[in-house]
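Right, one structure below, let's go through it.
Every chain is numbered from 1, with letters handed out A, B, ... down the list of sequences. Basis for what follows: all heavy atoms, side chains included, without hydrogens, waters or symmetry-related copies.
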Protein chains: 2
Amino acid sequence: MAIITIIGSGMMGSAMAFPACRNGNTVRLVGSPLDRAIIEHGQKTHEHLTLTHDVNGVKTCFMMPEKVTFHYYEELDECMKGADLLICGISSFGLDWFCENVVPRIPEELPVLSITKGMIDNGEGKGNLISYPEHMLKFTDKKLKINAVGGPCTSYELADLDPTEVTFCGPDMEQLRWIRSLFETDFYHVSLSTDIRGVECAVALKNAYALGVSLAIGLSYKREGRVFEHYNSQAALFGQAAKEMYRLLNLCDGNAEKNIFLGVGDLYVTVFGGRTRKIGTLLGEGKKFDEAMEILKGVTLESIVIARRTADAVIQMVEAGRAKAEDFPLLYHIRELLVDNADVNVPWSKFETETIR
Amino acid sequence: MAIITIIGSGMMGSAMAFPACRNGNTVRLVGSPLDRAIIEHGQKTHEHLTLTHDVNGVKTCFMMPEKVTFHYYEELDECMKGADLLICGISSFGLDWFCENVVPRIPEELPVLSITKGMIDNGEGKGNLISYPEHMLKFTDKKLKINAVGGPCTSYELADLDPTEVTFCGPDMEQLRWIRSLFETDFYHVSLSTDIRGVECAVALKNAYALGVSLAIGLSYKREGRVFEHYNSQAALFGQAAKEMYRLLNLCDGNAEKNIFLGVGDLYVTVFGGRTRKIGTLLGEGKKFDEAMEILKGVTLESIVIARRTADAVIQMVEAGRAKAEDFPLLYHIRELLVDNADVNVPWSKFETETIR
């Protein structure tokens with residue numbers, strides 16, 4: 001039985017306690033400085049304040065597994081002592097904070113598993129994206145082993161024990177197998193890959209593209225004048241999204257042929273289960289980006305950050321002659337929406353191709 | 001303006017009249033011998049008896065475009081005279097009938113566009129699948145040009161003018177461009193491909209796999225005891241389905257890298273918009289295949305035919321040493337359900353992989 005310390009007690013980080021504790025491990029859940037209310041509520045009630053599910057129509061907090069203890073951020077160093085694994089459970093918005101404040105303090109022998117999904121510009125201004133684990137390593141001289149989780153998994157469904165299939169990626173297959181042994185259960189299935197770049201790229205991209213697919217939901221609502229979905233248009237955007245993700249994986253050295261399947265699974269779950277759906281739907285209904293963000297005030301929307309970052313990277317790659325703008329019509333339109341506050345006008349005919357066998 | 005004759009007045013064949021007539025073409029809709037009620041109703045009311053949509057919660061027959069005329073099967077030869085294009089609008093169940101009764105009568109100079117999607121064993125008993133257009137050509141000595149439509153498109157949403165992106169495939173790019181010019185509208189977007197095998201294979205496979213993805217819907221209903229979906233499990237099955245489809249495309253000489261995106265788009269729309277969802281959900285809820293079919297009596301389920309046919313072909317390919325059974329755990333399970341009346345027991349752990357970069 002292992003001791004697992006989770007830093008960041010948001011929804012996804014906390015949900016990892018469910019498979020971990022099912023396997024008899026102990027979990028120390030440490031809030032970030034922004035998570036004080038979650039820790040306070042957890043210490044009092046053992047419930048999770050923000051990780052909720054629908055119980056017969058009523059939004060209900062999850063009771064956390066018995067072997068979880070709740071800790072304020074000040075106890076982080078104490079909580080890393082004797083731990084076998086550290087989970088980085090922060091969102092993309094906390095990445096800088098994590099890199100500056102936590103990474104330097106992680107003991108060299110403590111393996112890390114990051115649930116934060118994303119890619120970030122490598123800082124050279126050429127549109128080269130690297131994975132978060134690669135980025136994190138820049139903030140320490142220690143030889144940390146930073147693994148990450150990719151693949152479709154929404155937090156509240158994991159806590160609900162819905163069967164889930166994810167991929168752990170990291171530099172060392174032996175270590176990956178050991179980490180899997182801590183989490184693998186009948187509801188949490190784990191593939192392994194040493195292709196960190198490819199896995200992270202695949203799952204990061206879905207954030208941008210889930211917004212793109214969701215535009216069709218809003219367009220349908222608007223045309224119907226009611227909450228009513230059409231799927232032809234969603235499917236057209238889904239297929240185009242998959243195609244552009246495949247191209248981006250190739251551009252990011254992400255082994256497209258292997259990792260696109262992770263990407264489409266993750267895209268699927270994000271269109272249905274994620275917060276990104278809300279913003280895409282509002283944009284599709286005809287709201288400007290500014291208005292939509294005002295309506296969703298207070299909701300964490302990593303997708304926006306990732307979408308902008310990906311689009312910026314692609315533009316830089318196009319400028320450098322490494323990519324063709326016409327290969328990414330959907331991403332360019334998403335960028336127009338987010339950056340230029342443009343109206344939705346899906347470039348359907350730009351998706352058309354002619355293929356000679 | 002062209003004259004387009006549609007043979008088979010089921011939902012999908014008939015829906016093609018909407019983009020065709022929007023472009024000013026004339027449509028002669030000819031029922032198969034099974035479609036007499038549709039033709040009778042159409043001649044009386046100009047409504048389509050079975051092509052319906054939801055209008056504020058009420059199931060309502062579509063009014064067909066003005067330039068559609070309705071014809072009984074006996075008028076087929078008359079209706080092909082002077083026509084510029086023949087649409088084959090029958091389902092897979094009518095394929096034998098169409099090949100034996102219609103194909104030999106098609107004038108050599110009349111191009112065909114088939115909306116019937118599928119692959120069929122080439123008859124050599126080695127699991128080699130060929131596309132329907134390839135199969136149809138076996139029933140005539142004439143040099144017919146048989147084109148086909150692939151890509152995500154449900155009939156009632158096309159009739160509803162929801163934006164749709166499809167692919168026309170055929171042997172001659174010039175002819176494909178002309179056919180596109182008859183249908184391309186602001187709601188019907190068309191890519192072109194001379195890769196008939198690849199396009200048809202991609203869109204045929206989704207029938208089998210949409211059933212696989214839908215199992216998760218039923219499993220969720222069952223576990224919750226109510227109509228409530230979880231998406232992690234659907235996404236896991238969706239990703240696995242895409243992976244197996246990619247492998248099958250390669251085995252069928254189907255240019256996986258180009259056509260998988262058609263396949264995933266079509267899979268998406270079929271999970272949401274199709275009849276296949278119903279049977280998958282019932283199986284997931286714990287019904288045996290026999291019971292599920294009894295419940296759905298009277299519903300046309302091409303997916304079952306295609307799923308069995310695909311699984312049979314894969315088994316033959318495995319026996320011939322051309323494919324590995326462990327590459328298709330989901331398809332094998334679908335086959336167990338359909339052929340052996342087995343209980344649902346999704347082989348989640350067989351989906352797990354280890355990838356060394």
task: With rounding to the nearest 0.5 Å, note down the distance linking CZ in A:Arg357 to CZ in B:Arg197.
output: 7.5 Å
query: Does A:Asp162 offer a backbone N or O that forms a donor-acceptor pair with the side chain of B:Ser233 under 3.5 Å?
result: no
statement: Output for pair (B:Arg226 CZ, A:Asp54 CG), nearest 0.5 Å, gives 4.5 Å
- prompt: In terms of heavy-atom proximity below 4.5 Å to chain B, should A:Glu224 be classed as side chain, backbone, both, or neither?
  reply: side chain
query: Given that the side chain runs from C-beta out, which part of A:Lys243 has a heavy atom under 4.5 Å from chain B: side chain, backbone, both or neither?
result: both
Ring geometry between B:Phe238 and A:Phe238 (parallel below 30°, tilted from 30 to 60°, perpendicular above 60°): perpendicular
Top contributor to chain A interface from B:Leu219, B:Val190, B:Leu237, B:Val264 [non-hydrogen pairs under 4.5 Å]: B:Val190
message: Within this structure, what is the OH-CD distance for the pair B:Tyr268 and A:Gln234, rounded to the nearest 0.5 Å?
response: 3.5 Å
Separation of A:Glu352 CD from B:Arg180 CZ (nearest 0.5 Å): 5.5 Å
query: If you round to the nearest 0.5 Å, how far is CG of B:Asn232 from CG of A:Asp160?
result: 9.5 Å
query: Which atom names give the shortest non-hydrogen contact between B:Pro152 and A:Ala235, and what distance separates them?
result: CB-CB, 3.5 Å
query: When rounded to the nearest 0.5 angstrom, what is the spacing between CD in A:Glu157 and CD in B:Glu229?
result: 9.5 Å
- request: Mind ranking B:Ser220, B:Ser191, B:Gly151, B:Gly239 by heavy-atom pairs under 4.5 Å with chain A and telling me who comes out on top?
  value: B:Ser191
Contact class of A:Val55 relative to chain B, heavy atoms under 4.5 angstrom: backbone
- prompt: Side chain, backbone, both or neither: which part of A:Phe228 has an atom under 4.5 Å from a heavy atom of chain B?
  reply: side chain
- request: State whether the side chain of A:Thr355 and the backbone N or O of B:Ser193 hold a donor-acceptor pair below 3.5 Å, judged by distance alone.
  value: no
field: Top contributor to chain A contacts, counting heavy-atom pairs under 4.5 Å, from B:Asp195, B:Leu262, B:Ile196
entry: B:Asp195
message: Could you check whether A:Phe351 and B:Phe261 have their ring centres less than 6.0 Å apart?
response: no
task: Decide yes or no on side chain to side chain contact (heavy atoms under 4.5 Å, CB included) for B:Glu165 and A:Gln240, but give the supporting numbers first.
output: CA-CA 9 Å; B:Glu165 188 100 22; A:Gln240 179 66 23; over 6 Å; no
task: Count the heavy-atom pairs under 4.5 Å between each of A:His230, A:Lys258, A:Glu257, A:Arg223 and chain B, then report the option with the highest count.
output: A:His230
